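Read the structure below first, then the notes.
Throughout, a chain's letter reflects where its sequence line sits, starting with A, and its residues are numbered from 1. Nothing here was measured: the structure is a model prediction, and the numbers come from that model.
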Protein chains: 2
Amino acid sequence: MARADFPFPVKALVAELKRLPGIGPRSAERMAVWLLQNKKAEPLALAEAVIKAKEGIIECPICGFFATPESCGICSDPKRDEALLCVVEQATDVLPLERSGAFKGRYHCLGGKLSPLDRVSPEDLRIPELIRRVEASNGSVEVILALGADVEGEATSNYLADMLRGKSTKVTRIAQGLPAGGGLEHADELTLIRAMQGRRDF
Amino acid sequence: MARADFPFPVKALVAELKRLPGIGPRSAERMAVWLLQNKKAEPLALAEAVIKAKEGIIECPICGFFATPESCGICSDPKRDEALLCVVEQATDVLPLERSGAFKGRYHCLGGKLSPLDRVSPEDLRIPELIRRVEASNGSVEVILALGADVEGEATSNYLADMLRGKSTKVTRIAQGLPAGGGLEHADELTLIRAMQGRRDF
């Protein structure tokens, strides 16, 4: 007697779902069974959404954010301040900044951060594109570095500042300090040092 | 200026992923971005697996487990003991029993358990099919109730035992007691009562 298992198409589906980030074998099985058994599931709508997104979305050749082949919602927006260029690591970093409403300029997504351990060097990122963009602006743009405050983010910020130093462009970086709602007792030492260094007139 | 957001196909994909069980907005966004950006992602393979599973898998009309239109891996296996019929709630309950190797007979998946609060009544489950199967066996089959030990599982077991009482068929249920590896200090009161009631000669 062979021990029963899911028929092949179910196992193949579980295998594909298991590859998704944060999805283990149990969750993948639960999702597959739900897709096949639940009356509210629309597996074909999911498949179609995957195909349409894969085939209809490109990386904007200018800013690196998600775009359709016809246009980029950011680069094609005439109301954005052309004098402000915010550099972020990932395309997904654009959304929290947009949702905050704190920035109304344009973006440049690097596609990662420098990391010798992971073998990510400057040519793996959209750094040459950034340099060209800044050069084309003839010094009329402020480059705002909005990278993470971790080691690789810092290293990438320093590298970019070095590269841009000779371009007669203003380079700034977003502030580091106490997060909103955070008390001093929860802040780590480095955050407090940065917050103290970055103090401003009240 | 419009606040930038994902282009429509990405948002549609996030919406579909968010419908999966256990997937919140953040996970759905992370999965969508991974599918579109990660070099290891194969979104079209995922879409194809979903479509093939949806179109190639049916509920076996006899046992209720996952099957292909051509055959059911369980019902078509001639080496299984036809004299043993194990009743489970869900098709997915078959797998842990199979993996344990404890059972080598046939199955009957009910598709749920009786639950007046969720408006699940006997006709919503595969109970008429079970009765017909048992009647067709002419009393040569032992029906093993392997439902959950929660309130609805117990109610369903009792209902089935009542329904099968006149059918001159043997009806048993799987034991309740201490789980393997579990100490008495972690067992709840009801488990201990059941374990004591179910004690056997040593």
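The candidate with the highest count of non-hydrogen atom pairs below 4.5 Å against chain B, out of A:G56, A:G111, A:A32, A:A45, is A:A45. With chain B as partner, the option from A:K54, A:E29, A:E59, A:K52 having the largest number of non-hydrogen pairs under 4.5 angstrom is A:K54. Highest contact tally toward chain B, considering only A:K79, A:R80, A:R99, is held by A:R80 [criterion: heavy-atom pairs under 4.5 Å]. Contacts with chain A were tallied for B:G73, B:G101, B:A67; B:G101 has the most, counting heavy-atom pairs under 4.5 Å. Comparing B:P21, B:A12, B:A53, B:A47 by heavy-atom pairs within less than 4.5 Å of chain A, the highest count is held by B:P21. Most heavy-atom pairs under 4.5 Å with chain A: of the set B:A41, B:P9, B:G22, this distinction falls to B:P9. Counting heavy-atom pairs closer than 4.5 Å to chain B, the top residue among A:A91, A:C72, A:A4 is A:A4.
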**Report entry** Criterion side-chain contact (heavy atoms from CB on, under 4.5 Å) on B:L46 and A:R19, from CA distance to verdict
**Finding:** CA-CA 9 Å; B:L46 169 62; A:R19 304 186 64 222; over 6 Å; no
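Residue A:Y107 does not touch chain B at all, counting heavy-atom pairs closer than 4.5 Å. Only the side chain of A:Q90 has a heavy atom closer than 4.5 Å to any heavy atom of chain B. In this structure, chain B has a heavy atom under 4.5 Å from the side chain of A:I74, while its backbone stays farther away. In this structure, chain B has a heavy atom under 4.5 Å from the side chain of A:T92, while its backbone stays farther away. Only the side chain of A:I57 comes within less than 4.5 Å of a heavy atom in chain B; its backbone stays farther off. Heavy atoms closer than 4.5 Å to chain B are found in the side chain of A:L95, but not in its backbone. For a residue to count as touching a neighbouring chain, one of its non-hydrogen atoms must lie under 4.5 Å from one of that chain's; by this rule A:A15 does not touch chain B. Proximity to chain B is limited to the side chain of A:I23, based on heavy atoms less than 4.5 angstrom apart. Contact of A:D77 with chain B is made through the side chain alone, with heavy-atom distances under 4.5 Å. Heavy-atom distances place both the backbone and the side chain of A:K40 under 4.5 Å from chain B.
Looking only at side-chain heavy atoms (C-beta outward), A:Q37 and B:F66 come within less than 4.5 Å of each other. Side-chain atoms of A:E98 and B:D5, non-hydrogen and from C-beta on, never get closer than 4.5 Å to each other. Proximity of A:L20 to B:L35: side-chain heavy atoms (C-beta onward) are separated by under 4.5 Å at one or more points.
Around CD of B:E123, the count of heavy atoms belonging to other residues, nucleotides or ligands within 6.0 Å exceeds 12. Counting heavy atoms of neighbouring residues, nucleotides and ligands inside a 6.0 Å radius, atom CD of B:E82 does not exceed 12 of them.
Scanning all heavy atoms of the two residues, the minimum distance from B:P43 to A:V50 falls at O-CG1, 3.2 Å.
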